[in-house]
Engineer: 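Have a look at this one before I ask anything.
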Amino acid sequence: MDQEVIAARSVGATNPIRSGAEYIESLRGRRLTVYLMGELVDEPVEHPIIRPSINAVARTYDLANEDPALASAVSPLTAGNVNRFLHISTSSADLVMQNKMQRRLGQLTGTCFQRCVGMDALNSLHSVTYDLDGKYGTHYHARFKKFLTRMQAMNLVIGGAMTDVKGDRGRSPSQQSDPDLFLHIVRRTDDGVFVRGAKAHQTGCLNSHWLIVMPTMRLETDDKDYAIVGAIPVDAAGITYIYGRQSCDTRSIEGGEIDTGNLQFAGQEAMIIFEDVFIPNEHIFLDGEVEFASTLVERFTCYHRRSYVCKTGVGDVLIGAAATIADYNGVDRASHIRDKLVEMTHLNETIYGTGIAASHQGIETKSGAYLPDEMLANVCKHHVTRLPYEIGRLAQDLAGGLMVTLPSERELRHEKIGPMIEKYLKGRPEVATEDRIRILRLVENMTLGRNAVGYLTESMHGAGSPQAQRIQIARSMQIELKKELAKALAGIPATTRAEIENDLSAYMGRVFAPVPN
C-alpha cells in the first residue's frame, strides 16, 4: 500500500494535525480491537477511563503551539518546523530542550504524557540504521528517513514497542517453550514479513497512530527471527489491545469530578497482541542482524533513562499539592513543614540535574544524531527508581491521614450529610472545605491512585528496573582508571597499560570536553 495512503488511513485525514483538538479527532472511527475489563470498547475516545490519557497526549500538541521554541524544532530532514517529539536531536542543545519540554509537560498534566518512548525510539533508530547500512550495505537508513519525513509532515504520534512478555527469563527467545513469548517473524513474502507475539506495559499505544516494534534484549545467532524492527499502523489487521488496570481507575466512570483527583489527565498502558501482523519491506528497519539488537537497546535506554526527567515536572505538581495542603491546614509556617518541602525540592532537582547533565554532555554519532552521556543517563534513571517514592512519602506525611479516609463526592453533595462534611472537614476558615478535599484527592491520585502508576511504579520499572541501570553504571565506571588516579597521588608507581590510557582518553573526552556553542 502507498505510504501516503497508509499514513492518511491512520489518522482518518490527509492534512497534518495542528492542535490537541485535531489530534483527538484523528483517533475517532479507527477499527481497533480493544478490551477493557472484559468488554470490547466501541470507541476508545469516548470511554471515560481511556479519555484522560488521550487528553494528556493532546496537551503535547497544544504546547507546541503555545511555546514553539520549547516544544518544536527545525527538522534536519525537511528544514521545516516539527513537533519536538518527532525531531532528531543533532546537538546537545536539542537533547537539553527535550528535557525542558518533558518537565513542562509533567507540570501541565501531572502524569505520563506517553510520547517519550516514541521520541527515544526514533532518535535511537536514526544512528542504528546508519551504522547498519555502513556495515552491511543495506538501505535501512533511507527507509527510516523516508518514514520519519512522512510522520513529521502529518504530525503523528509514534509509539515505541520494545518490552516483550519474555516467558522464562532464564532462556533466550529461540529457547522458549512457546516461541510467541517474544515477538518474531513467522512468515516472509516478497513484500514483507508477518510477526506474532506480544508487547507488555505499552505506554500510550492506543493513543498513537503508529507503533515501532523493536527487540527487547541482546540476541544470539539462533534468534534471527526475533531481530525485527518495523513500523506498523496502530489499526493494522491482527492487533488486539488489552487495556491495563490502574489503581482507582473506575472512579472515572462514577460521575463527579473530585474523587478522581486529576479529572482531566491520566496515563495509559496496555498489552498488545500481534497475530500474524504484516510489516511491508519499506517499513522494516532491521531484519535478522542480531548483533545490532543490543546496540539498539543500549542506545534506546540511554535516551529513555534520561527522559525520566519528566518525573520532575510531575514532582513539581506534587510538591505544590503538599505545600497547598499544609497551607490549607494552617501549618505552612512550621519549620518542620518547610524543611520537608525543601527536602522534596532537593530530591526533585537531583533527578533533573543528572538528566540535564546527561543531555548536555551528549556526543555526536556517525549519523549526526546526538546520544546522551550513558553514565549520567543511567544515574538519572537510578535516582528515579528511588527519589519519587521519598517525595511521595513526604507528600503523604504533609497531607495527613484524611487523604485516605475522605468520604466521597456523593456525600459532599448530599442534602443531609453534605453540610456536616462542610462543617467538620474545615481547615482554615477562609479556605473552602471543597478546595481542601480537592487537593487531598490530588495527592491521593499521584501517590496511590491512577497517576501513581506513572509517577511511582513506572519510575521503578520503566526503561529497565534498577538492576539494569546498576549493570550499565558498573560497565562505565572505569574503576581501574580511578585506581591509577589514586595511586598517582599516593606516590605509587603507575601501571602503564593500554586500556588505562584508553580509559583516560575516553574519560577526558566525556567529562572535560569543550562546552558546545
Side-chain angles (χ1 to χ4, degrees), residues 56 99-113 116 203 246-248 260-262 265-267 304-329 331-332 334-358 376-404 436 438-466 469:
N99 288 156
K100 290 180 180 291
M101 173 187 67
Q102 289 165 320
R103 183 166 190 170
R104 181 61 180 143
L105 283 164
Q107 294 171 342
L108 292 171
T109 64
T111 189
C112 175
F113 39 88
C116 301
T203 302
Q246 297 173 324
S247 177
C248 305
T260 59
N262 185 342
F265 300 114
H304 202 47
R305 286 171 184 169
R306 60 92 228 194
S307 277
Y308 271 73
V309 298
C310 65
K311 303 309 177 193
T312 63
V314 181
D316 288 332
V317 176
L318 187 55
I319 293 168
T324 300
I325 194 59
D327 181 25
Y328 287 0
N329 288 343
V331 296
D332 53 303
S335 61
H336 71 284
I337 299 295
R338 302 296 299 175
D339 187 62
K340 288 170 183 175
L341 292 171
V342 167
E343 177 64 9
M344 294 169 78
T345 301
H346 163 244
L347 297 174
N348 205 45
E349 297 302 330
T350 297
I351 295 170
Y352 187 66
T354 50
I356 283 287
L376 291 175
N378 280 280
V379 170
C380 173
K381 177 53 176 51
H382 207 48
H383 280 319
V384 173
T385 67
R386 299 174 175 179
L387 304 190
Y389 285 88
E390 178 62 9
I391 295 170
R393 186 189 71 81
L394 290 168
Q396 291 187 357
D397 181 356
L398 295 177
L402 188 59
M403 178 190 74
V404 291
R436 186 172 181 235
R438 283 179 178 272
I439 209 71
L440 286 167
R441 285 298 189 202
L442 179 60
V443 176
E444 180 194 39
N445 169 270
M446 299 179 73
T447 63
L448 294 171
R450 285 199 72 178
N451 286 321
V453 175
Y455 187 56
L456 297 181
T457 311
E458 182 182 286
S459 292
M460 176 70 76
H461 293 293
S465 300
Q469 290 104 63

Engineer: Hey, are N451 and N445 close enough side-chain-wise for a donor-acceptor pair under 3.5 Å?
Structural biologist: yes
Engineer: I need the minimum non-hydrogen distance between A56 and F113, along with the two atoms involved.
Structural biologist: O-CB, 3.9 Å
Engineer: Could you work out, with salt bridge (charged side-chain N to carboxylate O under 4.0 Å, His left out) as the rule, every residue matching R393, not counting sequence neighbours?
Structural biologist: E390
Engineer: Got a sec, which residues hit salt bridge (charged side-chain N to carboxylate O under 4.0 Å, His left out) with R305, two or more places apart in sequence or on another chain?
Structural biologist: none
Engineer: Evaluate the side-chain proximity of V453 to S247: yes if any heavy-atom separation is below 4.5 Å, no if none is.
Structural biologist: no
Engineer: To the closest 0.5 Å, what do you measure between CD (E444) and CG (L402)?
Structural biologist: 10.0 Å
Engineer: Under the ring pair (Phe, Tyr, Trp, His ring centres under 6.0 Å) rule, collect the residues that match up with H304, sequence neighbours excluded.
Structural biologist: F300, Y308
Engineer: Looking at residues at least two apart in the chain, or sitting in another chain, which of them share a side chain to side chain contact (heavy atoms under 4.5 Å, CB included) with T354?
Structural biologist: V379, C380, H383
Engineer: Which distance, rounded to the nearest 0.5 Å, do you find between the CZ of R441 and the CG of L448?
Structural biologist: 11.0 Å
Engineer: Can you tell me if T312 and E349 form a side-chain donor-acceptor pair at under 3.5 Å?
Structural biologist: no
Engineer: Tell me, do M344 and L347 make a side-chain contact under 4.5 Å, heavy atoms counted?
Structural biologist: no
Engineer: Are side-chain heavy atoms of N99 and R306 found at a separation under 4.5 Å?
Structural biologist: yes
Engineer: By side-chain hydrogen bond (donor to acceptor under 3.5 Å, both in side chains), which residues pair with T447, not counting sequence neighbours?
Structural biologist: Q396
Engineer: Taking all atoms of both residues into account, what is the closest heavy-atom pair of F265 and L108, and its distance?
Structural biologist: CE1-O, 3.6 Å
Engineer: Sequence neighbours left out, what passes side chain to side chain contact (heavy atoms under 4.5 Å, CB included) with V331? Give chain and number order.
Structural biologist: A326, N329, I337
Engineer: Just to verify, what does R386 make a side chain to side chain contact (heavy atoms under 4.5 Å, CB included) with, not counting sequence neighbours?
Structural biologist: H382, R470
Engineer: Can you name the residues that form a side-chain hydrogen bond (donor to acceptor under 3.5 Å, both in side chains) with E458, not counting sequence neighbours?
Structural biologist: K311
Engineer: Side-chain contact, heavy-atom cut-off 4.5 Å: M446 with N262?
Structural biologist: no
Engineer: Nearest 0.5 Å, please: how far is CD1 in I391 from CG in L341?
Structural biologist: 11.5 Å
Engineer: Taking salt bridge (charged side-chain N to carboxylate O under 4.0 Å, His left out) as the definition, give me every residue that meets it alongside R438, ordered by chain and number, with sequence neighbours left out.
Structural biologist: E257, E434
Engineer: Which residues satisfy the side-chain hydrogen bond (donor to acceptor under 3.5 Å, both in side chains) test with T345, sequence neighbours excluded?
Structural biologist: none
Engineer: Would you say Q469 and T385 make side-chain contact, with heavy atoms under 4.5 Å?
Structural biologist: yes
Engineer: Applying salt bridge (charged side-chain N to carboxylate O under 4.0 Å, His left out), name anything that partners K340, two or more places apart in sequence or on another chain.
Structural biologist: D397
Engineer: Are any of the side-chain heavy atoms of K381 and V384 separated by less than 4.5 Å?
Structural biologist: yes
Engineer: To the closest 0.5 Å, what do you measure between SG (C112) and CG (L105)?
Structural biologist: 10.5 Å
Engineer: Between side-chain atoms of residues 313-325 and protein atoms elsewhere (two or more places apart, or another chain), which donor-acceptor pairs fall under 3.5 Å?
Structural biologist:
{"unit_1": "D316", "atom_1": "OD1", "unit_2": "R103", "atom_2": "NH2", "d": "2.9"}
{"unit_1": "D316", "atom_1": "OD1", "unit_2": "N348", "atom_2": "ND2", "d": "3.1"}
{"unit_1": "D316", "atom_1": "OD2", "unit_2": "R103", "atom_2": "NE", "d": "2.9"}
{"unit_1": "D316", "atom_1": "OD2", "unit_2": "R103", "atom_2": "NH2", "d": "3.2"}
{"unit_1": "D316", "atom_1": "OD2", "unit_2": "Q107", "atom_2": "NE2", "d": "2.7"}
{"unit_1": "T324", "atom_1": "OG1", "unit_2": "G320", "atom_2": "O", "d": "2.7"}

Engineer: Under the 3.5 angstrom rule, does the side chain of Y389 hit a backbone N or O of L456 as a donor-acceptor pair?
Structural biologist: yes
Engineer: Does the side chain of Q102 reach to within under 4.5 Å of the side chain of C116, using non-hydrogen atoms?
Structural biologist: yes
